[in-house]
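The structure appears below as structure tokens.
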Amino acid sequence: MRIAAGIVLIIAAVINIFAALGYLGGGALSSAGGASALSKALQEETNKSGQQLTAEQSAAMAKIKQATDNAPSGNALMGFGAFLVLTIVTSIAGAVCLFRGKAAKFIVVAALLAAGAEIGGILITRFGAANVAGLVGAALALVSARSIMARAAAGAPVRA
């Protein structure tokens, strides 16, 4: 079970690499203006040309404005992306500890951070298939860490 937990944690870390890049890039884009800057530029261009917006264009502009108003701030997205980078590092290190059968307390910390990252991702966006690997990996890592602690307390060597 330790090996399976380590493999699943590594898979979740690889998925989180792409998620972290997305959150960091999306946060940077949102902080730089993002869609609100686009809608302002479109409005200014329309005003310069002297044309009035049609009903469709007005509805589209309202949707863009509503989407940007309801979106998380760029700083929050970038902060979550940085947290994911930390989680990637701890997940891989936790997987190595699982493979070796040592450092059970660190495995618990890595598993809790991995679960926290997945729950945070669910709260920011929505639940998806990518979240399953992190949650399953965290659960398996916690169970495996418990067995490592029990073996260490009994004085028995941890088998591979």
Side-chain angles (χ1 to χ4, degrees), residues 1-41 60 63-160:
M1 179 170 324
R2 290 183 301 112
I3 304 299
I7 291 170
V8 174
L9 272 182
I10 289 175
I11 291 170
V14 170
I15 292 170
N16 283 342
I17 289 171
F18 295 106
L21 292 174
Y23 283 116
L24 289 170
L29 178 66
S30 180
S31 293
S36 63
L38 174 66
S39 64
K40 288 177 188 174
K63 283 183 182 180
I64 290 173
K65 182 163 177 38
Q66 181 184 16
T68 57
D69 290 344
N70 293 338
S73 73
N75 292 336
L77 292 175
M78 289 178 67
F80 186 67
F83 174 68
L84 281 178
V85 171
L86 170 74
T87 304
I88 292 164
V89 173
T90 58
S91 293
I92 293 172
V96 170
C97 291
L98 280 165
F99 296 148
R100 295 181 66 217
K102 297 182 179 183
K105 290 180 184 176
F106 181 77
I107 294 169
V108 170
V109 170
L112 292 177
L113 283 174
E118 299 304 330
I119 292 170
I122 291 168
L123 293 176
I124 289 176
T125 56
R126 66 188 190 298
F127 181 78
N131 299 109
V132 173
L135 292 173
V136 169
L140 288 174
L142 287 172
V143 171
S144 297
R146 177 68 183 114
S147 69
I148 291 170
M149 286 181 193
R151 285 190 182 135
V158 179
R159 296 184 347 192

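Across every non-hydrogen atom of Ile10 and Ala95, the tightest pair is CG1-CB, 3.6 Å. Minimum heavy-atom separation, Ile88 to Ala20: CD1-CB, 4.3 Å.
Contact check for Val96 versus Phe106: no side-chain heavy atoms found under the 4.5 Å cut-off. Residues Thr90 and Val109 fail the side-chain proximity criterion, which asks for heavy atoms closer than 4.5 Å.
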For Ile7 and Phe99: C-alpha separation, side-chain torsions, deciding distance, then whether side-chain contact (heavy atoms from CB on, under 4.5 Å) applies. CA-CA 9 Å; Ile7 291 170; Phe99 296 148; 4.3 Å; yes
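For Phe80, the ring-ring contact (aromatic ring centres under 6.0 Å, His included) partners at least two apart in sequence or on another chain are Tyr23.
Within the model, atoms OG of Ser91 and CD1 of Ile11 stand 12.0 Å from one another, a figure rounded to the nearest 0.5 Å. Distance check, rounded to the nearest 0.5 Å: CG of Leu9 to OG1 of Thr87 gives 11.0 Å.
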Under 3.5 Å, side-chain donor or acceptor atoms of residues 112-138 against the rest of the protein: list the pairs with distances, not counting sequence neighbours.
from   : atom 1 : to     : atom 2 : distance (Å)
Glu118 : OE1    : Asn131 : ND2    : 3.0
Glu118 : OE2    : Asn16  : ND2    : 3.4
Thr125 : OG1    : Gly121 : O      : 2.7
Asn131 : OD1    : Gly128 : N      : 2.9

Side-chain donor-acceptor pairs of residues 142-150 under 3.5 Å, sequence neighbours excluded:
from   : atom 1 : to     : atom 2 : distance (Å)
Ser144 : OG     : Leu140 : O      : 2.9
Ser147 : OG     : Ser144 : O      : 2.7

